[in-house]
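Structure first, commentary second.
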Amino acid sequence: MNRQPSAKNNVPDELRDVLLEFTISYLLEQPPDVLDYAVEFFTKLRDNRTTIVRPPPRAASPDDSVISNEEDDEPPVPRFNTRRKSVFAEAYDPEADDDDTQKVVFPKSDEQRQGLAESVKKILLFRSLDKEQMHEVLDAMFEKRVKEGDYIIKQGDDGDNFYVIQTGTYHAYVKLDDGTQKLIHTYHDKGSFGELALLYNQPRAATIQAGSEGSLWALDRQTFRRIILKSAFKKRKMYESLIDCVPMLKTLQSYERLNLADALIPRTYEDGDLIIKQGDAADGMYFVEAGTIKITIFNEDGKEVQVKEIKKGGYFGELALVTHKPRAASAYAVGTTKLAFLDVEAFERLLGPCMEIMKRNIDDYESQLEKIFGSKHNITDVR
């Protein structure tokens with residue numbers, strides 16, 4: 001019988017994100033020694049964060065609820081057993097993977113598919129998937145109904161599926177050295193679990209038991225690994241060349257640039273689409289992968305005036321993050337435009353070494369405005 005403690009130990013969101021970032025980086029790099037790689041990875045991650053000047057607390061944004069409510073990761077490997085286990089990743093070469101591999105499809109109603117799409121898009125691992133990859137994920141997921149008391153995964157078992165919660169309550173336990181079970185997390189009608197065992201090719205790190213009748217969506221191991229790792233690999237390769245085109249990013253170390261490539265999110269806009277709006281709160285910055293961006297501001301007469309064009313290799317939106325002020329300009333797509341978006345949290349974590357360069361650019365933007373309007377504007381971000 002499971003013994004539940006009086007207090008629940010929640011897994012911090014930051015721990016989940018760091019573990020996932022390390023996992024994907026390790027599996028893509030395939031270093032000869034996982035411990036040496038882990039020491040280097042976390043040391044550089046810590047050093048990068050110490051170089052960043054943290055901004056004051058920002059106002060809550062619509063995305064905050066998504067970030068704070070995410071429960072999409074399997075509980076971390078418990079530290080209660082002092083014997084270290086080796087970590088071996090299943091061999092996987094993204095470049096050798098055949099795109100024509102037979103894909104699994106489980107039929108779903110339109111309502112089921114829409115609900116599943118809403119749940120999956122909030123999961124950290126799937127945020128960078130393109131539309132085709134997302135459709136493949138939805139096609140491959142199958143429904144699993146459970147009753148109260150059913151075990152979905154058991155600590156120590158081999159990983160078979162990744163699970164997304166549709167309905168129900170689920171408890172995560174780890175087994176202590178004295179044989180008792182400790183409750184470390186509870187999911188209520190949302191969240192996901194099971195990915196770490198699949199990525200690492202390790203036994204399950206915890207037990208998940210249904211606390212009520214419910215329904216789950218499951219994705220098999222092979223499809224999960226192929227979509228996630230191949231997506232991460234293709235995305236990194238695509239953005240490495242983009243990063244090479246941005247002069248500001250040349251100040252970053254190779255390791256920092258790879259982390260930045262992994263953090264970028266692809267976005268596509270059509271001609272005339274508004275990308276950022278003057279006066280809005282800043283949620284991130286953008287790099288131009290293809291196309292042209294038009295930057296405008298409202299002058300003293302209330303007329304919207306173009307002040308700049310930004311082409312491939314350029315970037316915008318960063319100075320509102322540096323100065324912690326609302327957007328002082330609007331940005332529009334000119335023709336079909338492909339951008340790479342970096343959200344504010346990743347910006348603060350990864351671009352600390354570039355902060356001084358971005359601050360120096362403020363004077364350049366003010367000079368540009370002076371040429372256009374004939375007087376110097378008190379503006380700290382034309383982006």
Side-chain angles (χ1 to χ4, degrees), residues 1-23 26 34-35 38 42 67-90 119 122-125 141-221 224-225:
M1 180 179 293
N2 295 325
R3 186 178 70 185
Q4 298 184 15
S6 56
K8 183 179 74 171
N9 292 38
N10 284 323
V11 180
D13 289 338
E14 184 177 6
L15 174 59
R16 297 179 187 137
D17 291 350
V18 169
L19 286 174
L20 289 174
E21 185 178 340
F22 168 74
T23 299
Y26 170 77
V34 64
L35 291 181
F42 289 110
I67 295 171
S68 63
N69 290 330
E70 275 191 357
E71 300 179 4
D72 46 52
D73 303 315
E74 181 176 331
V77 177
R79 298 182 180 179
F80 305 113
N81 191 334
T82 56
R83 183 172 65 87
R84 180 175 62 84
K85 296 181 180 179
S86 298
V87 177
F88 294 96
E90 197 173 56
S119 298
K122 298 176 183 178
I123 297 173
L124 180 66
L125 281 169
M141 299 194 84
F142 57 93
E143 190 174 19
K144 179 182 177 68
R145 295 187 176 276
V146 298
K147 298 178 181 179
E148 183 178 357
D150 284 354
Y151 288 94
I152 293 87
I153 62 177
K154 291 185 178 181
Q155 185 173 340
D157 286 354
D158 291 334
D160 53 356
N161 298 316
F162 166 70
Y163 296 96
V164 175
I165 297 170
Q166 185 173 204
T167 60
T169 298
Y170 303 86
H171 303 297
Y173 301 94
V174 293
K175 190 175 183 179
L176 305 182
D177 288 338
D178 61 6
T180 59
Q181 299 277 354
K182 180 175 182 178
L183 177 67
I184 61 169
H185 197 72
T186 297
Y187 303 88
H188 295 287
D189 292 317
K190 62 182 177 181
S192 60
F193 52 83
E195 74 278 7
L196 293 185
L198 304 189
L199 285 171
Y200 275 127
N201 192 29
Q202 277 283 287
R204 295 295 194 187
T207 294
I208 305 290
Q209 185 180 24
S212 68
E213 183 177 341
S215 177
L216 299 159
W217 290 105
L219 183 66
D220 72 87
R221 175 193 193 93
F224 176 87
R225 284 175 59 84

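- The shortest non-hydrogen separation linking Ala205 to Val174 is O-CG1, 3.7 Å.
- A donor-acceptor contact closer than 3.5 angstrom links the side chains of Ser215 and Glu143.
- Using a 4.5 Å cut-off on side-chain heavy atoms (C-beta onward), Leu196 and Gln202 make no contact.
- Contact between Met141 and Trp217 at its shortest, heavy atoms only, is CE-O, 3.7 Å.
- The NZ atom of Lys182 lies 15.0 Å from the OG1 atom of Thr207; values are rounded to the nearest 0.5 Å.
- Rounding to the nearest 0.5 angstrom, the gap separating the NZ atom in Lys175 from the OG1 atom in Thr180 is 9.5 Å.
- Rounded to the nearest 0.5 angstrom, Gln209 CD and Asp150 CG are separated by 8.5 Å.
- With contacts defined as side-chain heavy-atom distances shorter than 4.5 Å, the pair Ile153/Tyr170 does not qualify.
- Among all heavy-atom pairs drawn from Pro203 and Ala197, the shortest one is O-CB, 4.1 Å.
- Contact record, Tyr173 with Gln155: O-OE1, 3.9 Å, taken as the closest heavy-atom pair.
- The minimum heavy-atom distance linking Ala210 with Ile152 is given by the pair N-CD1, 3.7 Å.
- Here the side chain of Asp189 pairs a donor or acceptor atom with the backbone of Gly168 at under 3.5 angstrom.
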Distance-only donor-acceptor hits, side chain of residues 158-165, under 3.5 Å, sequence neighbours excluded:
residue : atom : partner : partner atom : Å
Asp160  : OD1  : Arg204  : NH2          : 3.1
Asn161  : ND2  : Tyr163  : OH           : 3.4

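- For the atom pair OG1 of Thr167 and CZ of Arg145, the computed distance is 7.0 Å after rounding to the nearest 0.5 Å.
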